Undergrad: 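Below are the structure tokens for one structure; questions will follow.
Every chain is numbered from 1 and lettered A, B, ... according to where its sequence line falls, protein lines coming before strand lines. Keep in mind the model is a prediction, meaning the values are calculated, not measured.
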Number of protein chains: 2
Amino acid sequence: MVTKGILIDRIDPSSDRAVFRQIADQLRQAIESGRLREGEKLPSEAELIEHYGVARMTVRQAIQELRNEGLAVAEHGRGVFVRRRPPVKRLASDRFARRHRKDGKAAFLAESEAVGATAGVDMIAINEVQPPEEISERLLANEPVVARSRRYLRDGHPVELATSYIPASIARGTKIMEPNPGPGGIYARIEDQGHTLERFVEDVSTRLPTRDEAKLLNLTSGTPVFRLIRTAYDLEGMAVEVCDTIMSGDAFLLSYELPAH
Amino acid sequence: MVTKGILIDRIDPSSDRAVFRQIADQLRQAIESGRLREGEKLPSEAELIEHYGVARMTVRQAIQELRNEGLAVAEHGRGVFVRRRPPVKRLASDRFARRHRKDGKAAFLAESEAVGATAGVDMIAINEVQPPEEISERLLANEPVVARSRRYLRDGHPVELATSYIPASIARGTKIMEPNPGPGGIYARIEDQGHTLERFVEDVSTRLPTRDEAKLLNLTSGTPVFRLIRTAYDLEGMAVEVCDTIMSGDAFLLSYELPAH
DNA sequence: CAGTGGTCTAGACCACTGC
DNA sequence: CAGTGGTCTAGACCACTGT
């Protein structure tokens, strides 16, 4: 039986701790200690019911707890498995440096190739829109904007949703309006328009994904996301682009350098 | 009845969408549209059972879904409420600039006062320890380290856990070994020792809190945390401190500036 | 005390997976 | 097909809250 060797202990019904929590504790311990490895199957509900002598809802609550913690994922008809963690990608603070654009590569591609992953983009959409307040307060200029949305894939798996907002006065009549903006990406096109980029400000927050984000990024309930709002400024201090990004929280590590002076 | 005006629609039992999800959808809609505001009470289980004509486990599943999404919190014996979001504190990228230390203030105090919040520190502990690998790989020097742990409070609520690791050769015999390290905090004391700070590197990740973190930061299940590992370098490029920080994810916004060149 | 959510039982039927 | 998890019912007893 699968439970052999994994679930040593019995349940203490007289304990203050709820039975389903005690079961969850034992499974969690098995995962965190490595007795159950990534991708391995947990005991089935039927096995847990038999082993502990409890009702089905009780073992389901235990499993639910592990799913909420992001430790396990259920697959209908197959079983419950220890969640696999994607390799973490480190985003260094020089990732938008001009030298990366000089190679003709947009930032996401350059980053991915640096770690030997294949990169992809899909779901590209380009529209003129009325920007939400979080965007317009950063762009300052109160004019029409072009929104470029896309989803980024790493090794075929979606990891990032991004929408760039660019003042229409900059974007109109350029390749920014086309799905493929050409070598160096949209930042290169913005510089073509005479707006030399000087600096970026990134505002990072974290939260649980909305339902839509969870669907698009294929996230289970225990995975938070980064929300990253990046504003690009040109030499005159004008905000020339705001990019609103949702990133799978377990797939990235954001690295920044701060001067001490 | 409380449900009046909040739950307009009925359930479609013939729908593909599970009944508990339809109920969750309606409650979520009420929250996101603002019909139910922060801190307001959701209809009780009994009211939902009566309104929809379903079993108790079904409405509990619906509420569980909202709790997992971080939209609602249950209080035993009182009810289920729309989750309150704390005011977000923006941490700017110049928060460790020397001018802030010149005022005799440590970083956390200076930040808090900037937004009119009262700041506090408790649970201070200082030990010589063997650092975990994530720390030692950043300090490089393979020598004993002093660990300074503390918890930060904002307006009386815990928001941040931090542990600083400093090579013992720098810390020994200084106020770094004392609970109160004196004006300007430990960075000022490190500079007193002749290590002028040049730059910091911050590695930011996000995940759900461990059980211990949730307890210490008083977090409900739907709140992720930031994990921030900051390494401080002196003018010679030596890592003189590594600070491992867990921050309540809904209480902070991290802001960074990146050069474009 | 009445009202609330927390835990648990013992069933039922369904949909999906893999052999 | 057997085995798996997903949904749902209809109860029970408990612990906590506020009056």
Side-chain angles (χ1 to χ4, degrees), chain A residues 1-3 6 10-27 36 39-68 71-83 211 214 220-222, chain B residues 1-3 6 10-27 36 39-68 71-83 220-222:
Chain A
M1 197 220 265
V2 180
T3 53
I6 292 173
R10 307 211 159 275
I11 293 304
D12 174 7
S14 69
S15 163
D16 268 0
R17 194 153 178 81
V19 173
F20 82 87
R21 287 190 201 283
Q22 294 183 52
I23 297 174
D25 289 344
Q26 292 190 26
L27 292 170
L36 276 172
E40 280 194 300
K41 190 175 167 303
L42 272 62
S44 73
E45 292 180 358
E47 287 169 329
L48 292 171
I49 289 166
E50 218 252 313
H51 181 88
Y52 290 112
V54 296
R56 187 170 172 216
M57 280 311 300
T58 306
V59 309
R60 279 184 67 78
Q61 266 187 288
I63 291 169
Q64 183 62 45
E65 188 159 281
L66 300 179
R67 294 173 59 185
N68 288 344
L71 292 175
V73 290
E75 296 183 32
H76 196 171
R78 301 219 313 128
V80 179
F81 302 84
V82 180
R83 181 158 149 248
R211 309 179 64 69
T220 59
S221 82
Chain B
M1 195 221 266
V2 180
T3 53
I6 291 172
R10 306 212 159 274
I11 292 303
D12 174 7
S14 69
S15 163
D16 269 1
R17 193 154 180 81
V19 173
F20 82 87
R21 287 191 201 282
Q22 295 183 52
I23 297 174
D25 289 344
Q26 292 190 26
L27 292 169
L36 276 170
E40 280 195 300
K41 190 174 168 302
L42 272 61
S44 72
E45 292 181 358
E47 285 169 329
L48 292 170
I49 289 166
E50 218 252 313
H51 180 88
Y52 290 113
V54 296
R56 185 169 174 217
M57 280 309 301
T58 305
V59 309
R60 279 185 66 79
Q61 265 187 289
I63 290 169
Q64 183 62 44
E65 189 159 280
L66 299 179
R67 294 173 60 184
N68 288 344
L71 292 176
V73 291
E75 296 185 31
H76 195 171
R78 301 220 312 128
V80 178
F81 301 84
V82 180
R83 181 160 147 244
T220 59
S221 83

Undergrad: With nearest nucleotides of DNA chain C determined for Phe20(A) and His76(B) from heavy-atom distances, which residue corresponds to the more 5′ nucleotide?
TA: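 Upstream on the strand: His76(B).
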Undergrad: Could you tell me whether Arg17(A) contacts a base, only the sugar-phosphate backbone, or nothing, with contacts defined as non-hydrogen atoms closer than 4.0 Å?
TA: nothing
Undergrad: Look through every strand shown and name the nucleotide pairing with dT7(C) as Watson-Crick or G-U wobble, where both distances are under 3.5 Å.
TA: dA12(D)
Undergrad: Is Lys41(B) salt-bridged to Glu75(B), cutoff N-O under 4.0 Å?
TA: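 Here Lys41(B) does not pair with Glu75(B) in a salt bridge, since their nearest N and O are not under 4.0 Å apart.
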Undergrad: If I compare all heavy atoms of Arg17(A) with all of Asp25(A), which pair ends up nearest, and what's the gap?
TA: NE-OD2, 2.6 Å
Undergrad: Shoot me the first and last contacting nucleotide of DNA chain C against chain A, ordered 5' to 3', at under 4.0 angstrom to non-hydrogen atoms.
TA: dT7(C) to dG18(C)
Undergrad: Write down the atom of Ala62(B), the atom of Phe20(B), and the distance for their closest heavy-atom approach.
TA: CB-O, 3.3 Å
Undergrad: Pick out which of Leu66(B), Leu42(B), Leu36(B) makes a side-chain contact (heavy atoms from CB on, under 4.5 Å) with Leu71(B).
TA: Leu66(B)
Undergrad: Both Gly77(A) and Thr58(A) contact DNA chain C. Which one's nearest nucleotide lies toward the 5' end?
TA: Thr58(A)
Undergrad: How close do Val80(A) and Ala72(A) get, counting heavy atoms only, and between which atoms?
TA: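 Val80(A) and Ala72(A) have their closest heavy atoms at CG1-CB, 3.9 Å.
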Undergrad: So, does Gln22(B) use its side chain to make a donor-acceptor pair with the main chain of Asp12(B) at under 3.5 Å?
TA: yes
Undergrad: Strictly by Watson-Crick or wobble contacts shorter than 3.5 Å, is anything paired with dA2(D), and which nucleotide is it?
TA: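 WC or wobble partner is dT17(C).
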